[in-house]
Amino acid sequence: MLDIIKTIVLGRPKGIRRTILSKLFSESEDTSPNASFSSPMGSSEDVESPSVATNSLEPPKDVTPPEGFEVVLHKDALEEGQIVEVIIAGTAIAVAKANGEIYAFENTCPHAGGPLSEGALDCSEEHVHVRCPYHGWDFDLKNGACLTSPDSDVGCYETHLEGNAICVKI
Ligand code: FES
């Protein structure tokens, strides 16, 4: 893409427009894909490929997860205290980062279906809880136990960090 823009603005590598602009602005003849792109108006600001910046936190595609696991997120996609919903094989799963650890659990509250990924995390060194946004039931993310109503636990999923990938065992 950058090469196309460069060709449109500056002309073909051996073309007359490129030659004239090179002489006028002393531009390098480097036309490699990784070459920086200096504006003929004299700005030294490089043009970055937007796909690199916007896709940097996409789930890595070059990671092979352990057997039974699925790559769900880039390891830096979650900030401390954040919960996101991911869909794996048609199942909504909440993935949270708390105290530097990654937790994955069912996203659907067993009480009345509240989305736990929209709930609030409550963390200390001793516990990691999530509070359902609908009616405030609390769940222990270390084992899925419901702290508000017995026999209403949520399922938890094993997580694993492989390279830059957060993986969840389905
Ligand atoms: S739906 Fe979660 S507490 Fe009611």
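The chain is numbered in sequence order, starting from 1. In each ligand, atom 1 is the first atom listed, and ligand 1 is the first ligand listed.
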Looking only at heavy atoms, what is the nearest atom pair of Ser152 and Pro110, with distance?
O-CG, 3.0 Å

Rounded to the nearest 0.5 Å, the CZ atom of Phe69 sits from the CG atom of Leu161 at a distance of 11.0 Å

Quick one: ring-ring contact (aromatic ring centres under 6.0 Å, His included) partners of His111, sequence neighbours excluded?
His135, Trp137

Protein N/O/S atoms closer than 2.8 Å to atom 4 (Fe) of ligand 1, ordered by chain and number, come to His111 ND1, His135 ND1

Closest approach of Leu116 and Cys109, non-hydrogen atoms and distance?
CD2-CB, 3.9 Å

The single option from Val95, Val130, Val128, Thr159 that satisfies side chain to side chain contact (heavy atoms under 4.5 Å, CB included) with Tyr103 is Val128

Measuring from Asp76:CG to Lys97:NZ, what's the distance to the nearest 0.5 Å?
7.0 Å

